[in-house]
Number of protein chains: 2
Amino acid sequence: MSKQVVPHGLGVTPVRSAYQQIADQLRSLIVSGELSPGDRLPSEPELGQAFGVGRSTVREALRSLSSQHLVYTSRGVNGGTFVADVDPRTITAYLETSLGLLSASGLTVDELLTVREMLEVPAARLAATERTDDELAALRTAVEQENAESGTQHEHPQGFHILLLTCAHNGLLEVVTQPIFSVLKNRFLRGNAPSEFWDQVCLDHQGMVEAIDRRDADTAGELMQHHLHRLREAYLEMDRR
Amino acid sequence: MSKQVVPHGLGVTPVRSAYQQIADQLRSLIVSGELSPGDRLPSEPELGQAFGVGRSTVREALRSLSSQHLVYTSRGVNGGTFVADVDPRTITAYLETSLGLLSASGLTVDELLTVREMLEVPAARLAATERTDDELAALRTAVEQENAESGTQHEHPQGFHILLLTCAHNGLLEVVTQPIFSVLKNRFLRGNAPSEFWDQVCLDHQGMVEAIDRRDADTAGELMQHHLHRLREAYLEMDRR
DNA sequence: GGAAGTTAAACGTCTGACGTATTGCCGTCA
DNA sequence: TGACGGCAATACGTCAGACGTTTAACTTCC
């Protein structure tokens, strides 16, 4: 019988290796809250003795946890391994690379744009009602900068959208939306968009800023919707080529 | 904005340790696509020689990558380390633990529910238009099961929502919505909800299934909206206690 | 030709050692 | 007295080598 190779680590492995088991145990201590951010784990030799394994094994388990940003280590006396407190930017970064890979195989532009609409249209509405004056000023600055570099590279089209997300005052919204935005940008903005495209983008952004200025949620939402529909067409166009 | 000195690894470290540098280099090879899923990396000793480091160091770098599900290893002859292909479930799992930790410190119920509404209301609309007959049948089954265990534990309230997400036929939507749902559930459903609450939930679900049966997106969306509003009140109520 | 045993490649783990960063102590000196 | 500078201790970082374990391929024998 021909053995089918498991695509990746999903098939249940008969025995989990020692470093995995140790990582699992420590992880569950952390996510369950038995270990709080800032807590210091025993030193590597102590952990090794506690689990009955060598230091190499402990270190591999710790590397595993630290790459998930659950712990971090520092050297020197009073150094050691500490439980990390979660940073939303960590999650954003992970999502960005993961979704980037997914989009390279399996994830369609349409799916990305659909979810982006679900999030950014309400975000624009929220921004209109929740924004502070400082944030409004920052939005204006971003749009002006976009206008200034009209015709050139447009290096920072993300400025506006990300600022708008912060205006909504919802950390989770930022965390999930920003990676989607980045993936779309990285995948399809290879600098080969016509100049009129960017002019229209600037106009859209400007209109939204004014609606947000007036705290006009309905208009802001509608403008975002139209804006994203235009983007969809442009992206699909680029995708065909 | 009182912030601690260095929350965690963000302060620039003068020198990145060897295993981090190696992990970084390999990671960028993978995300840039120079290494494709299924490709086999050189053996650990070979990598060590190539990078000019010891095998332990290479292994720590590989552990780092494997915990991010970028590579997986298998033993035996013809074993080795291979570039993994991304599995959406991996992302879902990571998001679930990360958001769980975030919700333990900093993320409010309100934020979670707001984003959930943004995603699930359109999802219900999509489900109504995009569902297949098989999926509709599965939804019916889930609701019937809920009704059957009315008054008992309600172990599987997630069945309905997750099935509904799959009906939308948008992988990204599933990936981001499911963790939000799970976090809310784990955090607030400690089995201390009154029986009438569950009865109402079942009614809501049933109404949605019927709307989805008729491919009535407007009604499905509205029902989901009302459903989530009711949940919001219930969650906030529980949160106060 | 098929089943059972052998082999070899690669990962998994351990041990011990040495390097290096960091901190705190402590003594010296102005 | 107080500040500066060096020493020591601690804990992570890295290396080298050895041995165990897993697994697929090869070999042998019936």
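By convention in this document, chain letters (A, B, ...) are assigned in the order of the sequence lines, proteins followed by strands, and residues within each chain are numbered from 1. When reading the values below, keep in mind they use all heavy atoms of this one structure, side chains included, and skip hydrogens, waters and symmetry mates. Predicted model only: the values in this text are computed from it and were never measured.
- When the side-chain nitrogen and oxygen atoms of Thr57(B) are compared with OP1 and OP2 of dC15(D), one or more of them lie within a distance under 4.0 Å.
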Exercise. Any chance you could lay out the side-chain contact (heavy atoms from CB on, under 4.5 Å) test for Leu101(B) and Leu70(A), step after step, and finish with the verdict?
Key: CA-CA 10 Å; Leu101(B) 286 172; Leu70(A) 292 175; 3.5 Å; yes
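- Between Arg55(A) and dA17(C) there is no side-chain polar atom (N or O) within less than 4.0 angstrom of OP1 or OP2.
- For Val77(A), taking side-chain heavy atoms from C-beta onward, the closest of the listed nucleotides dT10(D), dG12(C), dC11(C) is dT10(D).
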Practice problem: Test Leu173(B) against Glu111(A) for side-chain contact (heavy atoms from CB on, under 4.5 Å), laying out the working first. | Solution: CA-CA 8 Å; Leu173(B) 185 60; Glu111(A) 289 174 295; over 6 Å; no
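- Residue Arg16(B) contributes atom CZ, which lies 17 Å from atom C1' of dA21(C) at whole-angstrom precision.
- Between Leu41(A) atom CG and dA11(D) atom C1' the separation is 13 Å, expressed in whole Å.
- For Ser56(A), counting side-chain heavy atoms from C-beta on, the closest listed nucleotide (dT15(C), dT14(D), dA11(D)) is dT15(C).
- An OP1 or OP2 oxygen of dG20(D) is reached within less than 4.0 angstrom by no side-chain nitrogen or oxygen of Arg75(B).
- At dG12(C), one or more side-chain N or O atoms of Thr73(B) fall inside 4.0 Å of OP1 or OP2 (strictly under the cut-off).
- In this structure, the CD atom of Glu44(A) is 15 Å from the C1' atom of dG16(C), given to the nearest Å.
- One finds no side-chain N or O of Asn78(B) lying less than 4.0 angstrom from the OP1 or OP2 phosphate oxygen of dA10(C).
- Regarding contacts with the backbone of dC11(C), every side-chain N or O of Arg59(B) stays at 4.0 angstrom or more from both OP1 and OP2.
- Side-chain nitrogen and oxygen atoms of Tyr19(A) include at least one within less than 4.0 Å of the OP1 or OP2 phosphate oxygen of dG12(C).
- Here the side chain of Thr90(A) pairs no donor or acceptor atom with the backbone of Val86(A) at under 3.5 angstrom.
- Nucleotide dA11(D) holds its P atom 13 Å from the CD atom of Gln49(A), rounded to whole Å.
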Practice problem: Go through Leu163(B) and Glu135(B) one step at a time and tell me if the side-chain contact (heavy atoms from CB on, under 4.5 Å) criterion holds. | Solution: CA-CA 8 Å; Leu163(B) 280 176; Glu135(B) 287 165 347; over 6 Å; no
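- Glu60(B) has its CD atom 14 Å from the P atom of dG12(C), to the nearest Å.
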